[in-house]
Amino acid sequence: GEYCTDDTSCAARALLPGYTTSNKWPLMKIPGTRSEQGILSSSSLINPYLHSANKVYVPYCSSDIWSGTQVNKTGDSLIFSGALIFRAVISDLIEREGLGSATRVVFTGSRYVQPRSVLSTRMPSNT
């Protein structure tokens with residue numbers, strides 16, 4: 001969650017572990033952690049409506065409310081690539097996991113993500 005808006009707030013955010021990079025995140029979900037709680041749970045007792053659905057947890061580390069499209073650094077500028085990260089996740093799910101044939105897609109979490117704009121170009125309009 002949250003984001004930075006200038007060099008000072010981004011520098012402070014960069015000091016917090018896991019806030020600006022995914023380099024040290026585990027590659028797989030760890031039982032009992034955030035990736036298996038609440039709406040992501042496979043337990044019908046904890047998550048009665050979506051327990052049997054396919055779920056993907058995408059941790060947030062871009063600090064740009066999933067909106068940046070930069071790929072190259074110029075001088076001392078910071079690189080914000082959140083929108084590119086989100087598009088890559090959706091593309092990977094479509095190509096490797098069958099998201100393209102989904103009849104329903106539910107997004108939860110960040111209020112800043114605008115998934116419809118990303119999905120509308122990649123999936124049938126009735127999704």
Side-chain angles (χ1 to χ4, degrees):
E2 299 305 317
Y3 55 95
C4 58
T5 57
D6 56 31
D7 289 345
T8 302
S9 64
C10 288
R13 187 174 173 79
L15 297 174
L16 302 169
Y19 274 63
T20 58
T21 181
S22 60
N23 287 342
K24 296 186 181 187
W25 289 349
L27 295 177
M28 304 197 54
K29 68 181 181 178
I30 301 169
T33 64
R34 183 176 179 176
S35 65
E36 291 206 344
Q37 296 176 0
I39 197 168
L40 297 176
S41 176
S42 295
S43 165
S44 61
L45 296 174
I46 296 171
N47 185 9
Y49 300 107
L50 297 173
H51 68 277
S52 62
N54 295 315
K55 297 174 261 326
V56 176
Y57 172 65
V58 182
Y60 170 72
C61 72
S62 65
S63 298
D64 63 357
I65 57 176
W66 297 111
S67 63
T69 57
Q70 292 177 290
V71 293
N72 297 314
K73 186 172 183 168
T74 56
D76 290 334
S77 69
L78 300 169
I79 298 175
F80 293 103
S81 304
L84 301 177
I85 294 167
F86 187 75
R87 288 181 195 140
V89 168
I90 296 301
S91 291
D92 189 60
L93 291 171
I94 289 170
E95 293 163 17
R96 295 176 30 174
E97 304 296 334
L99 180 64
S101 62
T103 56
R104 294 183 190 170
V105 177
V106 177
F107 283 88
T108 185
S110 177
R111 63 185 176 265
Y112 305 108
V113 175
Q114 296 184 12
R116 183 171 293 278
S117 62
V118 174
L119 290 176
S120 66
T121 61
R122 300 295 315 267
M123 297 182 67
S125 60
N126 62 345
T127 302

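Closest non-hydrogen pair, Thr69 versus Arg87, comes out as CG2-NH1, 4.2 Å. Summarising the geometry of Asp64 relative to Gly68, their closest heavy-atom pair is OD2-N, 2.8 Å, with the distance given to 0.1 Å. Here the shortest heavy-atom pairing between Ser42 and Lys55 reads OG-NZ, 4.1 Å.
One hydrophobic cluster, built from ILVMFWY side chains closer than 4.5 Å, cannot hold both Leu84 and Val89; they sit in different ones. A continuous path of ILVMFWY side-chain contacts below 4.5 Å connects Ile85 to Val56, so both sit in one hydrophobic cluster. Hydrophobic clustering places Leu40 together with Leu50 (ILVMFWY residues linked when any side-chain heavy atoms are closer than 4.5 Å, directly or through intermediates).
The distance from atom CG of Leu99 to atom OG of Ser101, rounded to the nearest 0.5 Å, is 7.5 Å.
Applying the side chain to side chain contact (heavy atoms under 4.5 Å, CB included) criterion to Glu97, with sequence neighbours excluded, gives Leu93. In this structure Ser9 satisfies the side chain to side chain contact (heavy atoms under 4.5 Å, CB included) test together with Cys4, Thr5, Asp6, sequence neighbours excluded. For the side-chain hydrogen bond (donor to acceptor under 3.5 Å, both in side chains) test, no residue two or more places apart in sequence or in another chain qualifies with Asn47.
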List the steps and the verdict of side chain to side chain contact (heavy atoms under 4.5 Å, CB included) for Phe80 and Ser63. CA-CA 7 Å; Phe80 293 103; Ser63 298; 4.3 Å; yes
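In terms of modelled atom types and a separation under 3.5 Å, the side chain of Ser67 and the main chain of Ala83 share no donor-acceptor contact.
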